[in-house]
Colleague: 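Mind having a look at this structure? Questions to follow.
Atoms within a ligand are numbered from 1 in the order they appear, just like the ligands themselves.
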Amino acid sequence: MVKAFQIASGPRVRFGRGEAAQVGEEAKGLGMTKPMLVTDPGLTSSGALDSVIKGLEDSVVEYVFYDQAEANPSDTSILAARDFFGENGCDGFIAAGGGSTMDTAKTTLAIVANGGVPSDYYGRGKATKPGPPLITVPTTAGTGSEVTMSSIVTDTKLMIKTVLADDSLFAKLAVVDSALLAKLPSHIAAGAMMDALTHAIESVGSPASNPWTEALAFESIARIGAHGRAYVDDPSDPEAADAISLAAMLAGRAFTNTGLGIVHSLAHPLGAYHGLHHGTANGIFLPPVMEFNLPAMRDAYARMAPLLKEGAAHTAEAAIDAIRELNTDIGIPGSLREADVVNEDLDVLAKDAAESHQVNTNPVPSTQEDLKRLLLAVLE
Ligand SMILES: [Fe+2]
């Protein structure tokens, strides 16, 4: 018998190479007359957004350009984005960028619709009023933010990375065009992809995992196993880039329904305090956390092993080995050495991790001491 479950399916998706050129027509169709085009500094100069901008201009959609989305967006950056939206009379969002850019648009949307400041809506189900329409256009393959109902924000007073989540944060449309990934530097492609793989694996481990999310997560894992190395080697390879874009989106749809686990609990404070790339941090923590979770996950990990590495034994250990091998091959470090973390930082990092809501959806209960041990295991 299947245990009862619920699914929130999220935005309509346009997937395919060249689809970004349709963003202008889609914005018009959604009733936007003056969208705020949210992106980050540097992305436009790379030419990654040329097709999106051309599409907007061809469709004669007047848009306002905002390239101040931060990496690990802070609550103060969200207030600046909200003011910009209001001052320019915008009526919709087009978020073209990585996870931080899409999350900037989602958190801004939440406070435009509900009033107040980001901290009023931390947690699930608080920012409930529908906001202006949002189109997400990912330029990395990893975060899945294009199809999730959650948004990460860094609180500058509490010094934590935390989450806002509600159905109202779903985009109206996600345009997933893997041609936008062509110029990604390898280390960003690698980190973002490990974020997607972590989303898939942590979704399977959640107590809320169900046949629907599991199908998405396993398909995501299989595509990363088959195409991950080729993609990081050359993100302009259409077959590999399509596969990893799809993997990121499938994992996003899975975890937005199930929640994540303690890889994310451990990775978020490293982003807030040490600026470590989110996906890279996940890649570092994933193997030791899988070892920690073995008592509950042996069968599921064994099923993942041959998907991660062709010909691997159907054992949980083989899956963990395959991930360590993948990390090495794509340049993910095996420790936090490069992140300037010292022994004295560990208590604060472990405390923040223990207070994160993802500990509740990890397959094995963890104490602050357990989390400190996991940090210590990757310190050097
Ligand atoms: Fe993530």
Side-chain angles (χ1 to χ4, degrees), residues 10 69-73 95 97-104 106-107 124 136 138-154 160-165 169 174 176 184 187-206 208-209 213 216-217 220-221 224 228 244-290 293 323 326-327 330 332 339 349 352-353 356-362 374:
E70 294 179 341
N72 301 315
S100 294
T101 296
M102 292 186 278
D103 285 2
T104 295
K106 286 155 92 174
T107 312
R124 193 168 273 267
T136 47
T139 59
T140 61
T143 158
S145 184
E146 64 273 18
V147 291
T148 68
M149 64 170 102
S150 56
S151 177
I152 309 282
V153 61
T154 299
I160 51 165
K161 272 180 93 167
T162 189
V163 181
L164 293 75
L169 296 190
V176 184
L184 269 186
H187 69 284
I188 302 290
M193 184 177 82
M194 291 312 289
D195 190 25
L197 182 60
T198 305
H199 293 160
I201 292 174
E202 296 213 291
S203 173
V204 173
S206 162
S209 178
T213 58
L216 298 173
S220 173
I221 294 164
I224 292 171
I244 305 307
S245 290
L246 207 46
M249 184 177 70
L250 296 171
R253 289 217 132 141
F255 90 78
T256 207
N257 283 284
T258 57
L260 294 163
I262 60 171
V263 176
H264 274 75
S265 305
L266 290 159
H268 281 155
L270 264 309
Y273 291 104
H274 296 274
L276 187 61
H277 181 270
H278 172 65
T280 305
N282 283 334
I284 294 170
F285 286 115
L286 187 55
V289 168
M290 287 174 77
N293 285 338
I323 290 169
L326 178 62
N327 271 343
I330 64 174
I332 299 287
L349 294 169
D352 277 15
S356 74
H357 66 93
Q358 291 97 349
V359 295
N360 303 316
T361 40
N362 195 67
L374 286 162

Colleague: Take H277 and D195 through the side-chain contact (heavy atoms from CB on, under 4.5 Å) test and state the conclusion after the steps.
Modeller: CA-CA 10 Å; H277 181 270; D195 190 25; over 6 Å; no
Colleague: Let's go through Q358 and I262 carefully: what are the C-alpha distance in whole Å and the side-chain angles of both, what is the deciding distance for side-chain contact (heavy atoms from CB on, under 4.5 Å) to 0.1 Å, and is it a yes or a no?
Modeller: CA-CA 6 Å; Q358 291 97 349; I262 60 171; 5.8 Å; no
Colleague: Hey, can you tell me if H199 and H278 have their rings parallel, tilted or perpendicular (30° and 60° cut-offs)?
Modeller: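 Ring orientation of H199 relative to H278: tilted.
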Colleague: May I ask you to test the L270-L266 pair for a side-chain heavy-atom distance under 4.5 Å?
Modeller: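 No; the side chains remain at least 4.5 Å from each other.
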Colleague: Is V153 close to L164 at the side-chain level, that is, under 4.5 Å between some pair of heavy atoms?
Modeller: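 With C-beta onward as the side chain, the pair touches.
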Colleague: Which protein N, O or S atoms does the Fe ion (ligand 1) have within a distance shorter than 2.8 Å?
Modeller: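 Those protein N, O or S atoms (cut-off: under 2.8 Å from the Fe ion (ligand 1)) are D195 OD1, H199 NE2, H264 NE2, H278 NE2.
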Colleague: Pick one: which of I224, I284, I323 meets side-chain contact (heavy atoms from CB on, under 4.5 Å) with M194?
Modeller: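 Single pass found, and it is I323.
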